[in-house]
There are 2 protein chains.
Amino acid sequence: MEQIETDGTTAALTGSARAVFRRLVEDGPSTRPQIGNALHLSRPTMSAAIAELERPRYVEMIGAVQGSFGRSAAQYRVGSGAGHVIAVDAGSTHVRVRVSTLDRRLLASRILRLPASQIAINEEVSRAVAAEVAAARAAALPGWGPLRVLGLALPTRVVGLGGDVISTRQEVVFSAFTPPPGVTLVLENNVNCAAVAEQHYGAARGASGFAYVQIGLKIGMGLVLGDQLIRGRNGAAGEIGHLSFPFAPGASPVPGEAEHYLGTEAFIGRVRADWPEIAGPSPIDTAELLSMAESGNADALRHVERHASDIGAVVATCVSVVDPGLVVLGGGLGASPLLLPGVREAANRLSYPVEIRNTLLGTDATVMGIERLAIEAAMTLLIGEEA
Amino acid sequence: MEQIETDGTTAALTGSARAVFRRLVEDGPSTRPQIGNALHLSRPTMSAAIAELERPRYVEMIGAVQGSFGRSAAQYRVGSGAGHVIAVDAGSTHVRVRVSTLDRRLLASRILRLPASQIAINEEVSRAVAAEVAAARAAALPGWGPLRVLGLALPTRVVGLGGDVISTRQEVVFSAFTPPPGVTLVLENNVNCAAVAEQHYGAARGASGFAYVQIGLKIGMGLVLGDQLIRGRNGAAGEIGHLSFPFAPGASPVPGEAEHYLGTEAFIGRVRADWPEIAGPSPIDTAELLSMAESGNADALRHVERHASDIGAVVATCVSVVDPGLVVLGGGLGASPLLLPGVREAANRLSYPVEIRNTLLGTDATVMGIERLAIEAAMTLLIGEEA
DNA sequence: TTTGTTAGTTAACCTGCCTAACACAAAAAC
DNA sequence: GTTTTTGTGTTAGGCAGGTTAACTAACAAA
């Protein structure tokens with residue numbers, strides 16, 4: 001009943017072998033005794049598991065580690081048979097690509113700056129993705145093993161097969177880009193990706209629930225509750241840019257108005273309209289406004305404070321709905337420590353106690369998150385049912 | 001290595017025995033072949049599992065079922081050794097008690113109407129809970145087996161051992177009520193309980209995620225996402241009464257103001273203030289308002305419509321944050337079909353597509369939900385790790 | 001009474017882990 | 001340079017928890 005894996009499909013592995021493989025993927029190179037102790041596996045079981053995993057080159061020995069006494073221990077890592085993944089962040093200003101093994105050793109990375117900021121995903125972005133993926137694949141070496149999964153982070157809502165694909169613009173990314181056949185495709189919203197990255201590698205490491213709030217050209221949120229990413233029925237969970245606004249007695253709320261009020265365009269517009277002539281030239285964009293505020297400009301500081309307070313009110317709304325306990329601020333404005341105190345004050349004044357932190361990953365968060373999701377999908381392919 | 005279970009602690013059961021027991025708890029009496037087919041267990045394994053479960057009386061045979069041909073099949077159900085649970089809904093107007101076996105056979109039930117509507121939980125409620133629980137326990141028969149779990153649904157935030165218990169008032173229920181020693185206690189917010197009940201037995205059966213919105217004296221929400229109840233770091237997930245309000249440019253939002261505006265007190269106040277003198281006497285409470293609206297009174301209908309629209313705006317806020325895809329309306333006003341179209345229209349206009357339904361369980365939802373949670377806790381006690 | 005069909009038990013086996021005991025390698029002790 | 005100490009890896013055997021195969025038991029219809 002031996003299942004010969006000619007291509008990259010699931011080989012029938014024993015439970016302990018799966019656990020060992022997962023451990024090597026998650027925690028990087030380890031010696032046999034380290035793995036055995038961590039997973040509470042006996043040495044014979046470790047021997048059997050390693051033997052199982054070495055046959056399809058899922059793992060490979062990379063050396064021996066000598067302790068103070070005794071025989072040296074063999075060290076293993078994920079092997080070439082496990083293959084690799086390509087992670088792509090198709091953003092509005094850049095296309096970022098990471099090619100990595102399942103244990104996140106970087107095989108190649110590319111960054112393309114788009115000629116102009118693309119407000120929505122379009123054919124230009126699609127062409128750029130096609131070119132970058134082709135370039136990454138052309139550089140492939142035999143030691144990379146098979147390509148298991150291609151992950152794509154998109155600045156749109158993303159719905160699965162059952163959903164209403166038309167209403168999202170997610171298909172536009174394929175207008176000029178044909179994904180390689182036979183490779184599993186993983187699509188995810190870019191803010192959700194950033195949240196995943198913060199959860200595993202960034203400011204939310206160790207938290208079982210938190211909200212990642214992106215504050216930039218658009219505003220959005222990625223929600224992780226009970227250790228799992230919340231996507232929503234229409235892929236719209238966390239679409240706080242779509243909150244209706246204003247919300248007051250007698251007022252007529254307009255859907256999506258929160259984004260128009262809180263996005264950088266409207267924000268910088270209000271700043272410039274309100275800028276006193278004697279204070280010199282008004283800032284041209286939020287980056288300039290931030291640097292003016294950093295150097296102590298009182299008018300700039302006042303506007304940043306005000307915006308932080310507005311963001312805090314939105315954060316408070318989210319806190320009242322899901323009570324995540326932790327909020328990580330990201331995106332162009334959210335990465336700045338200047339907004340942090342204002343958001344923190346407003347959110348805690350208006351709702352339940354919540355910790356607020358800045359991103360630790362910055363612009364790399366999205367591509368790291370889609371990389372993580374691609375690796376998880378590859379693990380499901382290889383050993384089934386990632387725990 | 002045989003573990004003799006003298007009291008009610010975990011007996012070391014085999015995996016298949018646990019699965020059989022769980023199946024009997026969840027789906028009620030079944031024959032051996034039914035269970036075996038459903039769980040893909042061979043007949044020898046079924047024999048072993050049943051034998052294991054019969055020794056501690058976790059299951060018992062209750063008869064034989066005859067098919068069209070062949071030998072009749074033995075039918076089993078959960079036995080007295082599995083014990084029972086007590087579920088208590090300590091509400092603001094009633095205290096409801098259900099005593100049931102783990103497979104939800106009702107052993108006893110009690111309803112006490114409180115002398116006056118208690119706006120918050122207090123010693124009066126605590127005394128009532130003590131009396132009702134004592135009465136239920138006094139009626140216990142030997143066939144009920146041991147009391148495994150006491151579940152309490154409370155109209156407060158509920159936090160676990162790690163949390164800030166002081167801020168929640170949840171301890172007030174124990175001011176005059178001492179829970180029976182040695183019995184596992186399960187506390188949960190009453191709206192969350194109602195959500196759990198709708199998820200398993202009511203309007204949200206089969207949905208993997210939805211929001212239960214309670215509209216009555218207070219407003220609140222219970223969130224189920226990815227099949228699990230979302231409680232939040234401070235037990236405040238779904239506390240939409242605590243949303244700050246108003247939320248508009250230049251306005252100063254006040255925390256908790258949403259409840260003051262949307263609760264029945266303020267609502268009926270606005271109705272009475274606005275009531276035209278020629279329309280006759282104004283309604284005294286929302287129940288009267290609803291019945292006037294039902295019989296076609298135009299002024300009553302107008303106010304109900306307006307309120308539905310306000311509720312719809314809050315629902316839209318929740319939909320934009322978590323996109324549950326389904327919202328179940330409950331509570332005194334939420335149970336009425338009159339509000340449904342207005343909420344549905346406003347929510348879908350202001351946010352993403354969302355199905356809106358009325359509760360199917362009404363005032364029983366909370367006690368049924370805490371019963372379910374108590375049973376789940378009892379299962380964890382008996383077989384560990386409820387899947 | 002025979003026959004066909006379904007229910008349950010017994011026997012034998014398989015998988016996936018374990019412990020016990022032994023063989024092996026490398027530093028430390030002599 | 002041998003021997004000891006200590007940790008690494010393998011071999012042998014056992015056990016838990018499932019399987020299939022084959023038999024016995026029970027019951028309705030012919």
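The structure displayed is predicted, hence computed values, not measured ones. Here is how names work: the chains are called A, B, and so on, in the same order as the sequence lines, proteins then strands, and each is numbered from 1.
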Review point. Just by distance, with hydrogens left out, do R104(B) and Y201(B) show a side-chain donor and acceptor under 3.5 Å apart?
Key: yes
Review point. Roughly, in whole Å, what's the span from OH in Y76(A) to C1' in dG9(D)?
Key: 9 Å
Practice item. Report yes if a side-chain nitrogen or oxygen of T45(B) is closer than 4.0 Å to either non-bridging phosphate oxygen (OP1 or OP2) of dG18(D); otherwise report no. Key: no
Check your understanding: Quick one: Q66(B) CD to dA25(D) P, roughly how many Å, whole number?
Key -> 18 Å
Check your understanding: Base, sugar-phosphate, or nothing: which does S72(B) touch, judged by heavy atoms less than 4.0 Å apart?
Key -> sugar-phosphate
Practice item. Quick one: label S42(B) by what it contacts on the DNA or RNA (base, sugar-phosphate, nothing), any heavy atom closer than 4.0 Å. Key: base
Check your understanding: For M46(B) and dT6(C), what is the distance between atoms CE and C1' respectively, to the nearest whole Å?
Key -> 15 Å
Exercise for review: Could you tell me whether S68(A) contacts a base, only the sugar-phosphate backbone, or nothing, with contacts defined as non-hydrogen atoms closer than 4.0 Å?
Suggested key: sugar-phosphate
**Study point:** Inter-residue atom distance E198(B).CD - T366(B).OG1, 0.5 Å rounding
**Key:** 9.5 Å
Check your understanding: Quick one: does R71(A) reach the base of dA25(C) with a side-chain donor-acceptor pair under 3.5 Å?
Key -> no
Review point. Between R77(B) and S30(B), do the side chains contain an N or O donor and an N or O acceptor separated by less than 3.5 Å?
Key: no
Review point. Which heavy-atom pair separates I50(B) from V59(B) by the least distance, and what is that distance?
Key: O-CG2, 4.4 Å
**Study point:** Sugar-phosphate only, base, or nothing, as touched by P44(A) at under 4.0 Å among non-hydrogen atoms
**Key:** base
Check your understanding: Rounded to whole angstrom units, what separation is found between the CD atom of Q34(B) and the P atom of dT6(C)?
Key -> 15 Å
Study note, to complete from the structure: When rounded to whole Å, the CD to C1' distance for the pair Q75(A) and dT8(D) reads 15 Å
Check your understanding: Between dT15(C) atom P and L13(A) atom CG, what is the distance in whole Å?
Key -> 15 Å
Check your understanding: For the pair made of CD in E52(B) and P in dG18(D), what is the distance, rounded to whole Å?
Key -> 8 Å
Practice item. Answer with yes or no whether the side chains of E371(B) and S100(B) bring together a donor and an acceptor at under 3.5 Å. Key: yes
Exercise for review: Using whole Å, report how far CZ of F69(B) lies from P of dT3(C).
Suggested key: 17 Å
Exercise for review: Output yes when at least one side-chain N/O atom of R32(B) is less than 4.0 Å from OP1 or OP2 of dG8(C), else no.
Suggested key: yes
Review point. Heavy atoms under 4.0 Å, any strand shown: does A48(A) hit a base, just sugar-phosphate, or nothing?
Key: nothing
Point to revise | Closest-nucleotide 5' rank along DNA chain C - winner of R43(A) and L39(A) | key: L39(A)
